[in-house]
There are 2 protein chains.
Amino acid sequence: MAGKNLAGPQADALDLGAVFRALADEHRRSVMMQLAADRGDNERGCNSFDLPISKQTQTHHFRVLREAGLIDEIDYGNRKGVRLRRTDVEKKFPGLLALLEAQATGGAASC
Amino acid sequence: MAGKNLAGPQADALDLGAVFRALADEHRRSVMMQLAADRGDNERGCNSFDLPISKQTQTHHFRVLREAGLIDEIDYGNRKGVRLRRTDVEKKFPGLLALLEAQATGGAASC
DNA sequence: CTTCAGGTACGATTCAAGTCGTACCTGAAG
DNA sequence: CTTCAGGTACGACTTGAATCGTACCTGAAG
């Protein structure tokens, strides 16, 4: 029952281009903003993001995020978990998650 | 001889989606990394970036950067200047330029 | 076993984006 | 004036990405 962790790039192999390409999409950015805003880094279900797209497309988007090194996907067979790679992302691109979190909380132009 | 400043979005209207889309392209990211690395924010010529693309395509890329609110373009008629909107970008997306600068200096995985 | 929900694989479609060719404009230098 | 380099406008081409339809797989619950 222990899920297999699907492969993503190594922590030091994260590419800024791939990351920006991943975050260029509105749906993927929405996912990342929600993940960045949760400081507990809890594993979440794929359908907990309320994306207004079909499940095939969701599969595609989560794959892109994983291949960009932003998230881990845990495969349980008939279910899937998502977890933010906060440590790796923060080490390679410090401040990026704070940017996303700021957008998530709507605190962009404030103060 | 005084150049006209081509119109871009207001400082508080900068959109993170447009910014990420702009930075998703390798050439535009190269330009932004060079601009971010220059703390003097000097105005630069369009051909000072050594982009391996035709001049029509360069026009396109600089337009995208301007419409994303990342740079100002100063039109001199038969010449054009480029200047980073550091203050506006830093206010709306703090840390973003530092990210680009870190990539420019190759100091990503160091320390 | 069957059923069912969640997820994937593959292909097709549609659309946006990067690129360049041709033609034209602009200002400076002969 | 003419010439020339830098830049733009428009259109065409091409590639990549987002989306979904169909079919199939996986594990849990009856």
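Naming convention: chains lettered A, B, ... in sequence-line order (proteins, then strands); numbering from 1 in each chain.
Taken together through direct or relayed side-chain contacts under 4.5 Å among Ile, Leu, Val, Met, Phe, Trp and Tyr, Met33(A) and Val64(A) form parts of separate hydrophobic clusters.
To the nearest angstrom, C1' of dT26(D) lies 10 Å from NZ of Lys4(A). Here the P atom of nucleotide dT19(D) and the CZ atom of Phe62(A) are 12 Å apart, to the nearest Å. Atom pair Asp25(B):CG and dG16(D):P shows a separation of 13 Å (rounding to whole Å applied). Residue Phe20(B) contributes atom CZ, which lies 18 Å from atom C1' of dA17(D) at whole-angstrom precision. Atom P of nucleotide dT15(D) and atom NE2 of His27(B) are separated by 16 Å, given to the nearest angstrom.
A stem is defined here as three or more consecutive Watson-Crick or G-U pairs, each with both distances under 3.5 Å; for DNA chain C these stems are C:1-30 with D:1-30.
Among all heavy-atom pairs drawn from Met32(B) and Leu100(B), the shortest one is CB-CD1, 4.0 Å. The two atoms that bring Lys80(A) and Asp75(A) nearest to each other are CG-CA, 4.5 Å, heavy atoms only.
Although no hydrogens or angles enter the test, the distance criterion places a donor-acceptor pair under 3.5 Å between the side chain of Arg29(A) and the main chain of Leu23(A). Panel note: side chain Arg28(B), backbone Arg21(B); a donor-acceptor pair is recorded below 3.5 Å.
In this structure, Ser54(B) does not reach the dT19(C) phosphate: none of its side-chain N or O atoms is under 4.0 Å from OP1 or OP2. Distances shorter than 4.0 Å separate none of the side-chain N or O atoms of Arg21(B) from OP1 or OP2 on dA16(C).
Few gaps surround CD on Glu43(A); more than 12 heavy atoms of other groups in view lie less than 6.0 Å from it.
Remark: Arg44(B) CZ to Leu35(B) CG distance equals 6.0 Å, nearest 0.5 Å.
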I'd like a table of atom pairs between the protein and nucleotides 5-11 of chain D - only N or O on both sides, under 3.5 Å - with the distance next to each one.
| residue | atom | partner | partner atom | Å |
| --- | --- | --- | --- | --- |
| dG7(D) | N7 | Lys55(B) | NZ | 3.0 |
| dG7(D) | O6 | Lys55(B) | NZ | 3.4 |
| dT8(D) | OP1 | Lys80(B) | NZ | 2.8 |
| dT8(D) | OP2 | Thr59(B) | OG1 | 2.5 |
| dT8(D) | OP2 | Lys80(B) | NZ | 3.2 |
| dA9(D) | OP2 | Arg63(B) | NH2 | 3.0 |

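Among residues two or more places apart in sequence or in another chain, the side-chain contact (heavy atoms from CB on, under 4.5 Å) test is passed with Gln56(B) by Ser54(B).
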